[in-house]
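The structure appears below as structure tokens.
The chains referred to below are lettered A, B, ... by the order of the sequence lines, with proteins before strands, and numbering in each begins at 1.
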Amino acid sequence: MRLTKTKTTGMHIILIFSVLIICLPVILAVIISSQTETQVLAFPPKLTFSNNWAYNYSTAWNRIKLGRMMFNSAFIAIMVTAGKIVMSLLAAFAFTHFVFKGKQILFFIIIITLLLPVPVRIVALFDVVRGFGWINTYAGLIVPFWASATGTFLFIQRFKTIPSELVDASKIDGCRPMQYFFRVLLPLTRSTIGALIVIEFIYIWNQYLWPLMVTNTDKMRVVQIGIKMLMNAESSNNWGVIMAGVVMTMIPPLLVFFVMQESFMKGFALQSEK
Amino acid sequence: MKQSSFSNKYLPYILLLPTYSILVVFLFYPAFESFRLSFFKVNPYSGAEKFAGFYNLIKIFTNPDYLSSFVLSLVFAVSVVVGGLIVSLLLALLLNQKIKGAKVYRSLLIWPYALSPAIAGALFNFLFNPATGIVGYFTGMRTWMTNGNTAMFVIVLAATWKNLGYNIVFYLTALRNVPRNALEAAEIDGAGPFRRFFSITFAFISPMTFFLLVMNTTYAYFSSFGLIDILTEGGPAGSTNILIYQLYRDFFVNSRIGYAAAESLVLFMLVVGITFIQFRTTEKKVHYQ
Amino acid sequence: MKKLVLVFFVLLLSISFISANASEDAAVDVDKAAPVTIEFWHAMSGTRIDLIQSIADDFMAENPNITVEVQYAGSYNDTLNKVISAVKGGNPPSVFHSYEIGTLGLINSGMIMPLDEAAVKYDLPIAWDDFFVPVQSYYKYQGQHYSMPFNSSTPLIFYNKTLFEKAGLDPENPPKTYEEIRAAAVKLKASGIDTPVTWNLHSWYFEQMICLQDAPFVNTSNGRGSELPTEVVFNSAAGNKVLDWWIGMYNDGLFMDVGPGWSNHRAAFGAGEVAMVMSSSSDVNLLTASLAEKGWEMGTGFIPRPDGATGGVAIGGGSLWMTNNHSPEEELAALKLVQYISSDVPQMAWHKGTGYFPVRKTAMEKLEKEGWFVENPNYLTAFDQLLVSPETLNTAGSLLGVFPETRSIIQSSIQECYAGKPVSEALDEAAAKVNALIAEWNEVIGL
């Protein structure tokens, strides 16, 4: 679609407006992270930047040893995402490119797992993980999340949109399934992989309940526990410091998305392979 | 569409093995353990159990508050799903255009998704609380959180907003995979932008729409308790007390283990039912090449 | 002959010396000097994490053979759930922090070493007489103390002296009864403050105001009798009086509904939107600073009672519990730790850093000698309120197994009253709901 100048300006206006509305709470967080404890509670609300940055950010960083937590969260997020993507790709491949007994049932079972969120199974899950000796270890934070119905489902949808002529062609060429998988399928799935990387990274990054139950020491804690550590349920919260912590913990996921955009913005090139 | 397939007999099972091992050990077994407890009375400290048959389930279904919670959850889910999909699709369409700074816009619009539910709740509290809420200040209306109806609106807004990034990421992926030739051909044929959207784009992204329908439904039914805990604690007078929130409280705060297990069983079956219905009704409509 | 007598005396002396030492350790076989490591899980976040760590560090300096691993374990609920999981897993922390409303549950949980029992077992008696009566009586059940009071607070009335003067009210004489508060609110409203009174939606205030009428919250001696409570009695005349007044002020536009949570009412007070709040006594510093930012002066007063009521306040907050199933060395270390934390120096630091009460009278006296209350007169109000509370089973605080859920139900009922439901109906319905829960809990806890 060719874009005229007015159309372009129009879109910019709408986009800027949308960004402002949607980012309003985030902008608020940044503003608050610059204010002092009592400035935050002012009314009428003081919506301008103040200059308490240094205190808020350094306090947030030091008080909860944010650096270590960011490392933990990032490490776990990367490991989980990698494992999930690998396992889901294989599973989706099985479902879309093979005929086998029990396919329907197995597929249904995977979908069901979407409906079993952590809170529902957390107590028994804790016992299982403890049985493996994984309390307060990276394994306990990573392995239970390697299977993903989301990923499988998504890859199935993606694989189904790839024309089946490609499969026929490769069969004629004498291609074995795994060769097809690596040579043909994988390159065409970049967008979806990119999207999943972003989603899974953020999912793990935002986890609170499970890491809380499973970790016991400073060395293993993750960023969301850190944020809660800055907050005090009953007594006074220094929102300036808390929001400083929040803003800092939002940066890695943002970076991940920024980097991943390249990958999943690549279009789908319809090529017929010989 | 007829899908061509490979003919190995054992390979599919091998491919599925890693996923299923994890699922069985870390998802199914714990979930069934939890569901099993629905039929017991459980001491929250020692874990001692006493078989109680349908006691917990009966308690659930004879509780008038449960029925109202059920309805609230439905209202909440429909609002979040419909609102979320429409808004995110519109934004994704905009972001998909070739304009300068698209990357930056994209990042900024996805960014809020990276906030944790607790913080999102805290920020919305800053916006809507009766004492010093910013929105209250600018609209002159202070009762956003203290009136049952507007409180529901606020949590729908917060939950939808929180999930926009998720939907936008996936819609962008789907839009990028709409073949350009099809669109160009249609344009040459003289089809206007709306026509092109509805007959081509919409069809190509329908698998993604279906996927997001399911995901947003599970999100609405299972994920929002952190947010509600900070914003309304299920109030005022239970008007934002959706099923998952009550379940979360019964399990983690009130320690009513058997009863909460039964609640989770019922909720699970409810969402299975909804998902099943979604599968059936959209099976025909989802368009693959 | 002389040699024989000498030997005899030496023998006698040695025997008596040995037997004296033997009887000292006869109670429990414990190696008091062995190096031991214990875990301490608490639920205090923010700046308190560092404060608790420094108290633990001081303890370790005084007890070089003991290592304490301190850990923030989440909110009170999160901490409790973690502890329960850890108990099931066989390695719970030796000491953990719980909210006061978890007391009856923990007493009946089978995973606790009662504090007094440990004190006797290791012959380290605790000077309960030195503790403020309401502070220690909360955690005393059937004659025995189960846990060590740690962070105790009471509600307090905070008011804006400057705005009081503007409204023609005496800034040095805060209202004390329901009628006086109402009258003050009317005057404040007339002076331009739309809805001059507020506090956050929290069942705690409701419970306290029942206490102030020396009325019970649950049956069986307010939950402290030898039988588990079987029903709540907060829908009594006393309970109705509290809500009639509270909702009455709301209906007359004198009270602002700021919802639950601890931020909104403080913000409203700091902004001058209200001139009177009820909040925790630990808020003294924060609220003084909030008002000072706008050049206003803050005053404090006792929380209100209906005319003629003769009760007192109960404390809220949390305490430290010891888990059982540990080696004697670990138990002794845990006992020493909790005793240290309740001693004067740490208590004074804790009070100054958090605003919670120091648990001992001697700590208060030391603070007084330092001139602390001259600089911080508003803290004195909280102490005075505590000191004049009579010791009854009602002011000891009520014990109930299903307390967390009860609070939710009461808060929801209050919201229903805001929306127009009659108070007595709301309270009766709430009581009925809670009674059903109690019956279930009593059964389950006996499994």
Is it true that atom [atom1] of [X] has more than 12 heavy atoms of other residues, nucleotides or ligands lying nearer than 6.0 Å?
{"X": "C/K294", "atom1": "NZ", "answer": "yes"}
{"X": "A/F108", "atom1": "CZ", "answer": "no"}
{"X": "C/N325", "atom1": "CG", "answer": "no"}
{"X": "C/K166", "atom1": "NZ", "answer": "no"}

* Compare every heavy atom of A/T36 with every heavy atom of C/E293, then report the nearest pair and how far apart it is. =>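 Scanning both residues, the minimum pair turns out to be OE2-OG1, 4.4 Å.
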* If you take all heavy atoms of C/Y72 and A/R221, which pair is closest and at what distance? ->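 Between these two residues, the closest heavy atoms are O-NH2, 3.2 Å.
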* Below 4.5 Å, heavy atoms only, C-beta onward: do C/K82 and A/N216 meet side chain to side chain? ->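 Sidechains of A/N216 and C/K82: in contact.
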* Would you say C/N81 and A/F126 make side-chain contact, with heavy atoms under 4.5 Å? ->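 Contact flag for C/N81/A/F126 side chains = no.
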* How long is the gap from CG on A/N238 to CG on C/L286, to the nearest 0.5 Å? ->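 So the CG of A/N238 and the CG of C/L286 are separated by 9.5 Å.
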Side chain / backbone / both / neither for [X] at chain A, heavy atoms under 4.5 Å:
{"X": "C/E39", "value": "neither"}
{"X": "C/T47", "value": "both"}
{"X": "C/A43", "value": "neither"}

* Of all pairs that satisfy salt bridge (Lys or Arg N to Asp or Glu O under 4.0 Å), the ones with a partner from residues 48-63 of chain A, not counting sequence neighbours ->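 Every pair satisfying salt bridge (Lys or Arg N to Asp or Glu O under 4.0 Å) with a residue in residues 48-63 of chain A: there are none.
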* Look at C/Q71, C/H202, C/E273 and state which one has the largest set of heavy-atom pairs under 4.5 Å with chain A. =>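 Of C/Q71, C/H202, C/E273, C/Q71 has the most heavy-atom pairs under 4.5 Å with chain A.
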* Based on non-hydrogen pairs under 4.5 Å, which of C/A289, C/G74, C/S85, C/G261 is most in contact with chain A? ->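 The candidate making the most pairs under 4.5 Å is C/S85.
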* Contact origin within A/L212 toward chain C - heavy atom pairs under 4.5 Å ->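 For A/L212, heavy atoms of backbone and side chain both lie under 4.5 Å from chain C.
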